[in-house]
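Notes to accompany the following structure.
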Amino acid sequence: MPVLVADVGGTNTRVALASAGRLSQLARFGNDAYASFAEVLSAYARGHNLPALRGICVAVAGPVAAGRAELTNRNWHFDESGLATPLPEQAEIPARLINDLVALGHALPGLVPSQLDVIRAGAAQPSNDQALVAGLGTGFNACLLKGGSVVEAELGHASLPLAIAEELRAQLGDAASGFRTNECLFSGRGLSRLHNILTNKNKRGQDILADFATGADPQAAAAVTLTARLLGLFARELVFQYLPFRGIHFAGGAARGILGSAARAEFLSTFEAGGRFADHLDRVPVRLIADDAAALSGAARLMEDSA
C-alpha cells in the first residue's frame, strides 16, 4: 500500500504517491488558487484514482510542533489530527507533519548523481559524517544531518551574520537595515527587495534572473551578482557553524536561480577567498539539489523508516 506525500511551499504544493521508494501520480498546484491545503488535497483526490493508502506525510515550509504547523509565508494551518480528512473514506489513516527541510534531509542519503549539480568537489575523504541542506525558495531554512539523524532548525528567522550585514551596509548604506534575517535576504523575495533598493523598480525574482541570463539589464546583473557574493559569505559561515564535511547542499528555486547561472563564479570566488582556517573551506563539497521532487522522496523515506 502506498503513502501519500506532499511538499507544501510558500508558492507551490507538490503531491504524489510513494511506494517501494518510487513516486507516482505527481502533481503540482499553485497555492494562490486555493484557500487551504485541504482544498489542494481535495483537488488532488478528485484528479486521481487513489488506492487505499497506508498513511500520509506532509512537509511544510514552516515550524512544526506538537503535530501542528503554519506556513511561514502564507496563512495556511495544519493539524495531524485532520490532515487526511479531505481524502474520501481515508480520513483515519496515520498522518505525519514535518518541516520541508527535514524532508530534504531525509532525502539526501538516497539522492543519485543525476539529482545533484556539483558546484565544487571538496575533499575525497570527508573527515566527519555531517552534511547540511540549505533551502532557498519562497522562504529560507536549513537542517543538519549527522549520521542517520536529521537535526531541525529555523535558520531563516535568525539574524544575518556580521560579515554579511557589513557587506550589505557597504553596498546599500542605510537601506541595508531592511534585511534583518537570513530569510529576508536569501529567499526569492530577498532578491526582489535587493533589486528594488538598487533600481527603485518592482520585479519578481524569476524575472530578475531571466534578465540576468540574457545580459540585457545591468541592474539585474548587479542584484544577482551581489546576492551570489553574499551567499558565498553565508556558505563560509555555515562551514564554521556546522563543519559539514559531507557537503553543503543548496535546494529551492532561488538557490537554483543563483547557483545555476553565471553568478556561480561570484559565489565560488567569495567562498574560496581563503583567510584563517581556509583548509576547512577547501575540504567542503558544495552541491545543488536539482530535483524538485526531492522533498517528496524524503517524506516517503521517513514514513518507510517509521514503519
Side-chain angles (χ1 to χ4, degrees), residues 3-16 27-45 55-87 90-107 133-144 150-160 178-190 192-193 204-205 251-255 292-296 298-300 302-303 306:
V3 297
L4 187 145
V5 291
D7 174 22
V8 187
T11 304
N12 298 297
T13 294
R14 294 172 178 83
V15 186
R28 175 178 169 177
F29 301 86
N31 292 348
D32 284 344
Y34 302 89
S36 66
F37 173 69
E39 288 191 5
V40 172
L41 203 54
S42 293
Y44 182 80
I56 176 173
C57 183
V58 179
V60 300
V64 179
R68 295 182 179 181
E70 179 181 353
L71 283 185
T72 300
N73 293 294
R74 187 176 293 271
N75 189 29
W76 283 14
H77 298 265
F78 303 79
D79 191 321
E80 284 182 351
S81 63
L83 205 56
T85 300
L87 301 175
Q90 303 198 66
E92 302 303 320
I93 60 174
R96 185 158 185 180
L97 275 174
I98 59 173
N99 177 264
D100 60 340
L101 261 292
V102 170
L104 282 173
H106 284 285
V133 182
L136 286 69
T138 305
F140 176 89
N141 197 12
C143 77
L144 176 70
V150 176
V151 181
E152 299 183 49
E154 278 296 331
L155 195 58
H157 305 304
S159 299
L160 288 174
F179 299 96
R180 296 187 177 276
T181 67
N182 295 321
E183 181 164 297
C184 282
L185 179 60
F186 290 118
S187 71
R189 295 173 180 176
S192 298
R193 293 188 188 105
R204 299 181 303 169
D292 269 343
L296 295 175
L302 177 60
M303 292 294 276
S306 298

Give me the atom names and distance for the closest heavy-atom approach of [X] to [Y].
X: Leu41; Y: Leu83; answer: CD2-O, 3.5 Å
X: Ala45; Y: Pro86; answer: CB-O, 4.5 Å
X: Gly139; Y: Asn73; answer: CA-ND2, 3.7 Å
X: Glu39; Y: Ala35; answer: OE1-N, 3.1 Å
X: Ala69; Y: Val60; answer: CB-CG2, 3.7 Å
X: Ile93; Y: Gly55; answer: CD1-C, 3.8 Å

Got a list of side-chain donor-acceptor pairs under 3.5 Å for residues 5-16, not counting sequence neighbours?
unit_1, atom_1, unit_2, atom_2, d
Thr11, OG1, Thr138, OG1, 2.6
Thr13, OG1, Asn31, OD1, 2.8
Arg14, NH2, Asp292, OD2, 3.3

For residues [X] and [Y], determine if any side-chain heavy atom of one lies less than 4.5 Å from a side-chain heavy atom of the other.
X: Leu4; Y: Gln90; answer: no
X: Leu104; Y: Cys143; answer: no
X: Asn182; Y: Ser187; answer: no
X: Leu155; Y: Phe186; answer: no

Sorted by chain and number, sequence neighbours left out, salt bridge (charged side-chain N to carboxylate O under 4.0 Å, His left out) with Arg74 holds for Asp32
Got a sec, which residues hit salt bridge (charged side-chain N to carboxylate O under 4.0 Å, His left out) with Arg28, two or more places apart in sequence or on another chain?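 Checked Arg28 against salt bridge (charged side-chain N to carboxylate O under 4.0 Å, His left out); zero matches.
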By side chain to side chain donor-acceptor pair (under 3.5 Å), which residues pair with Asn141, not counting sequence neighbours? Asn99
Run the side chain to side chain donor-acceptor pair (under 3.5 Å) test against His77 and tell me which residues pass, sequence neighbours left out.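 Here the qualifying residues are Asn75.
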Between the side chain of Trp76 and the main-chain N/O of Glu70, is any donor-acceptor distance below 3.5 Å?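 Not a single qualifying donor-acceptor pair exists.
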Looking at Glu183 and His157, would you say the former's side chain and the latter's main chain have a donor-acceptor pair under 3.5 Å?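 No, the answer is negative, given that no donor and acceptor are paired below the 3.5 Å cut-off.
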At what distance, to the nearest 0.5 angstrom, does CZ of Arg96 lie from CD1 of Ile56? 13.5 Å
Once the angle between the rings of Phe37 and Phe78 is folded into 0 to 90°, is it parallel (under 30°), tilted (30 to 60°) or perpendicular (over 60°)? tilted
Provide the full list of side chain to side chain donor-acceptor pair (under 3.5 Å) pairs with a residue in residues 56-69, sequence neighbours left out, each pair given once.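 Sorted result for residues 56-69: Arg68-Asp79.
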